[in-house]
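Residue numbers start at 1 and run along the sequence shown.
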Amino acid sequence: MTTIEQDDFTKVRGAESRLEFLAAGSFTILLLGTLAFVHTLFEPIMPSSRLWSWTGPMAAVIVIMAVVPGLVLYLKPNDDQIVRIWSPVGKIVAVLYDTAIAASVWILLPFASEHLRLVMVIFYAAAVAGQVIATAESLYTVAYGVIAIFGSTSAFFFIAPGPYSTPIALFLLAYGAMMMGLAVALKQAMRSAIRARIQAETASSDLAAALDKVTLAQTAKNRFIAAATHDLRQPLQAAALFFDQSVKGRDAEARLQAFDGARMAFGETNALLDQILDHLRLDAGGVEARCTAEPVERLVSRVAAEVAPIAAVQGVAIRTVASSAEVAADINLSIRILRNFVQNALRHARCETILIGARRHGARLRIYVLDDGAGVAGDDIPLLFEEYAQGAESRGKGGMGLGLASSRRLAALMDGRADYDARWQHGAAFFLELPIAR
């Protein structure tokens, strides 16, 4: 049996047993009344000690039959506990009940008149019918009850004198066979109904999860479009203003500042477009990593050269640490990740220096982007790599909250990891961890 089939079986059996415990618990109320009535019927016609030798144990069994369902109702065990613990306990109690009923045939009926014996036959038939309802799941338990009770009663009537003894014995045998057939049919119907209910609940849950997933995807798409439209408009509008200033500027210094501002605005626009393209390609599964042995020095120097002009305009120094190591990486994906880290620092950190360097970490190598800026608030750290999430320092400063999320996904394509090192106390520390090339 596979794990899924085992889980399904456990759910069905757990539901069956709960129904049976509920039926057995309700059945005990009728049994206590019947036991009291039988005791009053036989009290005048048989020795009190012999009557109590059966009534006492029978009462104890009925009490146990009431206590076990009560415990199941109070403790609320799961399906696995029901199957492993409580269902076997219920079978043991059912066997005790059948044994006590069967014993009454030989203890009580020898003292009964013909009419009282017929009354007891009705009680026995009702007892077996009640057990079929309460324990239909366990056909072995039902079979034991039918054989123990009806077998004993039929044997008694076969050997007891009386005008109706043989017909009654034959009737009980036929009735017992009918009860067994009813138990089989009831078990199949109960199991089919429970299985259908579980399948319907599972299908409903799966449908709800699928609808939630579609809703979330649509919400994310709408939010992405809105954020992209809003954030791309800002640097383009800034570039238009700078160009206007460069045309109308009266002196060379003002025009030079306007040109620098336009360069920064277009650099910001380019960074946003890169983030949008990375996000769309990743969602479409259109990004593949082609990893080769790449010198870390080459990665670091290219990133530093690309961001140097924008950093110079902002008055931020870009420093690098030399490294002779090589990593197994896709150079283009790696540069995009490190560029995201540096652009985040330039946009949000309010820093004076950005340091790019590598450090060995076991069998892997981490390429760090460190800054001496404001750092990241502790509450924002868990959200850094979530899509569309922006920390308190980032809100209102541009960006869609996609850069770090895309960086993590790009790193995973290279068997790498993009993360934040909270141990750095002098600003922010982001790193790209990659396998060392062998």
Side-chain angles (χ1 to χ4, degrees), residues 271 274-275 277-304 306-307 320-321 323-349 354-371 373 375-391 393-394 399-438:
D274 284 343
Q275 291 183 16
L277 290 173
D278 284 343
H279 177 76
L280 293 175
R281 287 169 180 163
L282 285 166
D283 278 352
V287 180
E288 294 182 2
R290 295 177 175 85
C291 296
T292 57
E294 296 292 342
V296 173
E297 186 72 24
R298 182 185 179 194
L299 296 176
V300 172
S301 61
R302 280 190 55 177
V303 172
E306 287 184 16
V307 299
T320 62
V321 177
S323 174
S324 60
E326 291 187 346
V327 290
D330 183 309
I331 186 169
N332 294 318
L333 300 187
S334 302
I335 289 174
R336 280 151 67 179
I337 294 169
L338 295 173
R339 187 195 303 133
N340 275 336
F341 291 165
V342 176
Q343 288 170 342
N344 271 354
L346 292 173
R347 185 183 298 121
H348 306 301
I354 295 176
L355 177 65
I356 309 174
R359 183 176 183 180
R360 190 183 183 98
H361 192 80
R364 300 166 76 83
L365 189 117
R366 290 182 177 181
I367 305 175
Y368 279 89
V369 175
L370 310 171
D371 67 65
V376 180
D379 293 340
D380 292 334
I381 292 176
L383 303 175
L384 283 173
F385 291 88
E386 295 292 330
E387 290 183 350
Y388 308 106
Q390 291 184 321
E393 294 292 331
S394 306
M400 295 173 291
L402 289 176
L404 293 179
S406 296
S407 295
R408 174 163 283 181
R409 295 170 69 181
L410 291 172
L413 294 176
M414 299 182 289
D415 189 27
R417 182 164 70 100
D419 212 336
Y420 177 78
D421 193 338
R423 296 174 298 175
W424 182 253
Q425 300 297 317
H426 306 289
F430 291 88
F431 64 83
L432 169 62
E433 183 179 286
L434 294 167
I436 295 176
R438 299 187 183 281

### Message
Using side-chain contact (heavy atoms from CB on, under 4.5 Å), reason through Met414 and Val327 one step at a time and then give a plain yes or no.
### Response
CA-CA 10 Å; Met414 299 182 289; Val327 290; over 6 Å; no

### Message
For a side-chain contact (heavy atoms from CB on, under 4.5 Å) check, start with the C-alpha distance between Leu346 and Val342, then their side-chain angles and the critical distance, and finish with the verdict.
### Response
CA-CA 6 Å; Leu346 292 173; Val342 176; 4.2 Å; yes

### Task
Please step through side-chain contact (heavy atoms from CB on, under 4.5 Å) for the pair Leu404 and Tyr420, ending with a clear verdict.
CA-CA 10 Å; Leu404 293 179; Tyr420 177 78; over 6 Å; no

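Under the side chain to side chain contact (heavy atoms under 4.5 Å, CB included) criterion, His426 pairs with Trp424, sequence neighbours left out. Remark: Ala411 pairs with Ile337, Ala418, Leu432 by the side chain to side chain contact (heavy atoms under 4.5 Å, CB included) rule, at least two apart or across chains. Residues that satisfy the side chain to side chain contact (heavy atoms under 4.5 Å, CB included) test with Arg417, not counting sequence neighbours, are Arg366, Asp419, Phe431, Glu433.
Here the CG-CD distance, from Leu299 to Glu326, works out to 10.0 Å after rounding to the nearest 0.5 Å. For the atom pair CG of Asp330 and CD of Glu288, the computed distance is 10.0 Å after rounding to the nearest 0.5 Å. Residue Leu333 holds its CG atom at 12.5 Å from CZ of Arg409, rounded to the nearest 0.5 Å. One finds the SG atom of Cys291 at 8.5 Å from the CG atom of Leu413 (value rounded to the nearest 0.5 Å). Atoms CG and CG, from Asn332 and Leu410 in turn, are 11.0 Å apart once rounded to the nearest 0.5 Å. For the atom pair CG (Leu365) and OG (Ser323), the distance works out to 6.0 Å, reported to the nearest 0.5 Å.
Here the side chain of Asp371 pairs a donor or acceptor atom with the backbone of Ala428 at under 3.5 angstrom. Within the 3.5 Å criterion, the main-chain N or O of Arg423 finds a donor-acceptor partner in the side chain of Gln425.
For the side chain to side chain contact (heavy atoms under 4.5 Å, CB included) with Val321, the lone residue among Ile367, Ile356, Leu355 that qualifies is Leu355.
Across Ile335 and Glu306, no two heavy atoms sit closer than the pair CG2-OE2, 3.9 Å. When all heavy atoms of Gly416 and Leu434 are compared, the pair lying nearest together is CA-CD2, 4.2 Å.
The shortest side-chain heavy-atom distance between Asp415 and Arg364 falls under the 4.5 Å cut-off. Taking 4.5 Å as the limit, every side-chain heavy atom of Ser334 sits out of range of all side-chain heavy atoms of Glu294.
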